[in-house]
Protein chains: 2
Amino acid sequence: MKDLARDLGMSVATVARAFHPEATVAAATRAAVLSRAEVLGYRSNPLARAIITRRTRIVGILLAEMDNPFYPEALARLTAALQEAGFNAMLVVASPGQPVEAALRLLLSYQPEIAVSLATSLGSEAAAACRAAGTPVLFLNRHPEDLAPDAMAIVCDNHRGGARVADHLIEAGARRPAFMAGQADTSTNAERFAGFRDRCIKRGLPPPRHIHAGTFTYKAGHAAALSCLRGAERPDALFCCNDILAAGVLDAARRDLGLRVPEDLLIAGFDDIALAAWPSYDLSTLRQPLGRIVALAVEQIEHSARGGTLAGGIIRIPGEFIPRGSTARPRGDPAPEQEQTS
Amino acid sequence: MKDLARDLGMSVATVARAFHPEATVAAATRAAVLSRAEVLGYRSNPLARAIITRRTRIVGILLAEMDNPFYPEALARLTAALQEAGFNAMLVVASPGQPVEAALRLLLSYQPEIAVSLATSLGSEAAAACRAAGTPVLFLNRHPEDLAPDAMAIVCDNHRGGARVADHLIEAGARRPAFMAGQADTSTNAERFAGFRDRCIKRGLPPPRHIHAGTFTYKAGHAAALSCLRGAERPDALFCCNDILAAGVLDAARRDLGLRVPEDLLIAGFDDIALAAWPSYDLSTLRQPLGRIVALAVEQIEHSARGGTLAGGIIRIPGEFIPRGSTARPRGDPAPEQEQTS
DNA sequence: TTGAAAGCGCTAACAT
DNA sequence: ATGTTAGCGCTTTCAA
């Protein structure tokens, strides 16, 4: 910048101003600076700026569960949207062997404008570290039970989604629906189940069985299906808490247990990951409004970066049910609403 | 830091030295500084340091094709390994609507120690931008045809891998094997095909047909399979350039064309993504040595960050063939090597 | 072994 | 509208 200023016969201050749209510089001066900068290949140094302004244009993304395809999809879209808004994404991944906490410390020292938590539960120590660093936290998709008053969460309306799935399964003929849970202590799990259960009961069915897979993985879904779908008392419909779980269930049902889907068992998922649309799964699912979630998130990040404060609380965005073959009503039965009276 | 120094009655210089293992400070002084820093929650600011040392501890990761599960897996492992080594990963994603070029400019202004290209082809303008910024580039998994002399690539030994798949398919009874290509202009595609073809010819088979799917996606594999597996002249074995392609092929073959795998058609893939081990796919594949690739990459990044120069050129690491049901030899036929003479 | 001082690339009053 | 000056948090000579 000094060089550029010398080259142009101006002071560094003037040159600096040319790079700030809101600064007060003569249009001609700005044009001259910018064009010369272009020629010399000069780009202002965001690190130096960050030291003074404390605005890094860095967004820290905390991610776990890379093995659930929903998260790579969400990450790709979020990162792309951030790029477009002129933010840089710093990625931290948590895994069994790598707790977020350590990496989070490193991340926070770069003074991200905000931390976005995708799937990480972000323990209280981690949350405290963010608070101490003055970094606001935005939760996407999941939120902790004890959401700090100044933290914000943007999630799918899981309760409503669960209810919507219940409606669909019941209309497709389900009489003994069950719910398959992934990781028990997650908000997604609790909310989707609650919505599903409430609606089942409201429509006159017994409370759906709660099957515990343990994690949101194909393997867990597969294993849980093997143990819960044997015997005569098996459910006739299964709402899996997410699609990757449902994929495991579907394979177990068809290949290992010889069940026909949807004739013997209706299966629905949640998320609408790419695989749900593959012909071999053809999975009915509640599609997450990823586009809207990401757009809203970036909006909030920009607001926060401008110095605004995050509205605390949880924003719930409704998803859309996508009916597919895994719950197609067999033999064109009419929806048997009348049976609710029994 | 100034505060810390005042608190301790030392100069900032001494305090600064305490944070550099190689700096010359009295052991007692260092201990005092570090323990007090811990108490006060002080962490040195990497941004300020970066301005002077030009060492940011930032690694820029350029990524495309988030829809091929191989890349999320690779990204997760790379990021985790970088974290452990004290680096921070800055992620830039390319997509049809979002060319890397724009985001790369933003990224480079943060002075990453190195740029890691995962799947991005990184056009010549982009490569030039890196060169201009003095940022070395490390290619993972794929490398450009015209690899710059100072650029390095770490990839699976695709040629050898292709040959290994050929061996396996031939031993499983293949007589008219074919190759399904994804994106034509990629090194992975070219090398895997070359290895496969050479070995087929060497073992007395006609040159394998080259089927062009166009992209490395499930959908492309599915569509290409539908058009190439009809009719009597169809291949009896298909080596798909990667697993996600193979998944599409498998589904098309079984569900749409009524073919039995492996009885009517042998199918092999490449990568060994999670899905390949699912019972519904049970896909034989060449497993990429991701652990070794990542380890070597981090090693090189550390070397480069220490001021060392990257050894230019391509490092090829052999993969491991994982036989599964999609190529299990039907009816226990002995491998008919003798037919090679015909 | 430590301190003083200069400076990294930039911003932000304050003057002019 | 532009220049001057001080300083962000840190490193790094150079002297002591």
Side-chain angles (χ1 to χ4, degrees), chain A residues 1-34 36-37 40-58 86 88 106 108-113 133-135 305-307, chain B residues 1-34 36-37 40-58 86 88 106 108-113 133-135 305-307:
Chain A
M1 188 159 183
K2 220 194 292 187
D3 299 348
L4 224 189
R6 198 178 324 107
D7 181 287
L8 289 158
M10 304 174 184
S11 72
V12 279
T14 305
V15 173
R17 279 189 270 254
F19 288 96
H20 294 265
E22 75 286 0
T24 159
V25 206
T29 311
R30 168 167 290 144
V33 172
L34 294 181
R36 194 84 188 104
L40 299 182
Y42 166 83
R43 321 219 74 217
S44 76
N45 184 336
L47 274 51
R49 176 174 26 248
I51 286 186
I52 303 174
T53 61
R54 310 203 134 266
R55 300 268 153 81
T56 53
R57 302 299 286 181
I58 292 176
N88 249 313
L106 181 61
L108 287 176
S109 63
Y110 284 85
Q111 326 243 34
E113 312 249 349
T135 306
R306 265 190 244 103
Chain B
M1 188 161 184
K2 219 194 290 184
D3 299 348
L4 222 190
R6 197 178 325 107
D7 181 286
L8 288 159
M10 304 172 182
S11 73
V12 280
T14 306
V15 173
R17 279 189 269 256
F19 288 97
H20 294 266
E22 74 287 358
T24 159
V25 204
T29 312
R30 169 168 290 145
V33 172
L34 294 182
R36 193 85 189 102
L40 298 182
Y42 167 82
R43 322 217 73 219
S44 75
N45 184 336
L47 273 51
R49 173 170 34 245
I51 286 186
I52 302 173
T53 62
R54 311 201 132 267
R55 299 267 153 81
T56 54
R57 302 297 287 180
I58 291 175
N88 249 313
L106 181 61
L108 288 176
S109 64
Y110 284 83
Q111 325 243 34
E113 311 249 348
T135 306
R306 266 190 243 103

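The structure displayed is predicted, hence computed values, not measured ones. Naming: A, B, ... by sequence-line order, numbering from 1 per chain.
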> Are side-chain heavy atoms of Asn45(B) and Gln111(A) found at a separation under 4.5 Å?
Replying inline: yes
> What does Phe19(A) touch in the nucleic acid at a heavy-atom separation under 4.0 angstrom: a base, only the sugar-phosphate, or nothing?
Replying inline: nothing
> Which heavy atom of Val33(B) sits nearest a heavy atom of Met10(B), and at what distance?
Replying inline: CG2-SD, 3.7 Å
>> Let me check the geometry of the helix from dT1(C)-dA16(D) to dT16(C)-dA1(D). What is the bend angle between the axes at its two ends, five pairs each, to 10°?
In response: 30°
Nucleotides 1-5 of chain C: which of its N/O atoms have a protein N/O under 3.5 Å away?
residue, atom, partner, partner atom, Å
dT2(C), OP1, Thr29(B), OG1, 2.6
dT2(C), OP2, Ala26(B), N, 2.9
dT2(C), OP2, Thr29(B), OG1, 3.2
dG3(C), OP2, Ser11(B), N, 3.1
dG3(C), OP2, Ser11(B), OG, 3.1
dG3(C), OP2, Thr14(B), OG1, 2.3
dG3(C), N7, Arg17(B), NH2, 2.6
dG3(C), O6, Arg17(B), NH1, 3.3
dG3(C), O6, Arg17(B), NH2, 3.3

> Which pairs pass salt bridge (charged side-chain N to carboxylate O under 4.0 Å, His left out) with one or both residues in residues 6-26 of chain A, sequence neighbours excluded?
Replying inline: Asp3(A)-Arg6(A), Asp7(A)-Arg36(A)
> Who passes side-chain hydrogen bond (donor to acceptor under 3.5 Å, both in side chains) against Ser11(A), sequence neighbours left out?
Replying inline: Thr14(A)
> Minimum heavy-atom separation for Arg30(B) to Val25(B), with atom names?
Replying inline: NH2-CG2, 3.5 Å
>> Let me confirm one number: the CG-OG1 distance from Leu47(A) to Thr56(B), rounded to the nearest 0.5 Å.
In response: 7.0 Å
> Which residue pairs pass the salt bridge (charged side-chain N to carboxylate O under 4.0 Å, His left out) test with at least one member in residues 43-55 of chain B, sequence neighbours excluded?
Replying inline: none
> If we only count heavy atoms from C-beta on, is the Phe19(A) to Tyr42(A) side-chain gap below 4.5 Å?
Replying inline: yes
>> How close do Ser109(B) and Ser44(A) get, counting heavy atoms only, and between which atoms?
In response: CB-O, 4.2 Å
> Would you say dG9(C) has OP1 or OP2 under 4.0 Å from some side-chain N or O of Tyr110(B)?
Replying inline: no
> How many Å lie between CD1 on Ile52(A) and P on dG9(C), as a whole number?
Replying inline: 13 Å
>> When you measure from the side chain of Arg57(A) to the backbone of Glu113(A), do you find a donor-acceptor pair of N or O atoms at a distance under 3.5 Å?
In response: no
>> Just the rounded figure in Å: distance from C1' of dC10(C) to CD1 of Ile51(B).
In response: 7 Å
>> I need the CD-C1' distance between Glu22(A) and dT11(C), as an integer number of Å.
In response: 11 Å
> Hey, what do you get for CG (Leu40(A)) to CG (Leu8(A)), rounding to the nearest 0.5 Å?
Replying inline: 8.0 Å
>> Just the rounded figure in Å: distance from C1' of dG9(C) to CG of Leu4(A).
In response: 13 Å
> Just the endpoints, please: which first and last nucleotides of DNA chain D, 5' to 3', lie under 4.0 Å from a heavy atom of chain A?
Replying inline: dA1(D) to dG9(D)
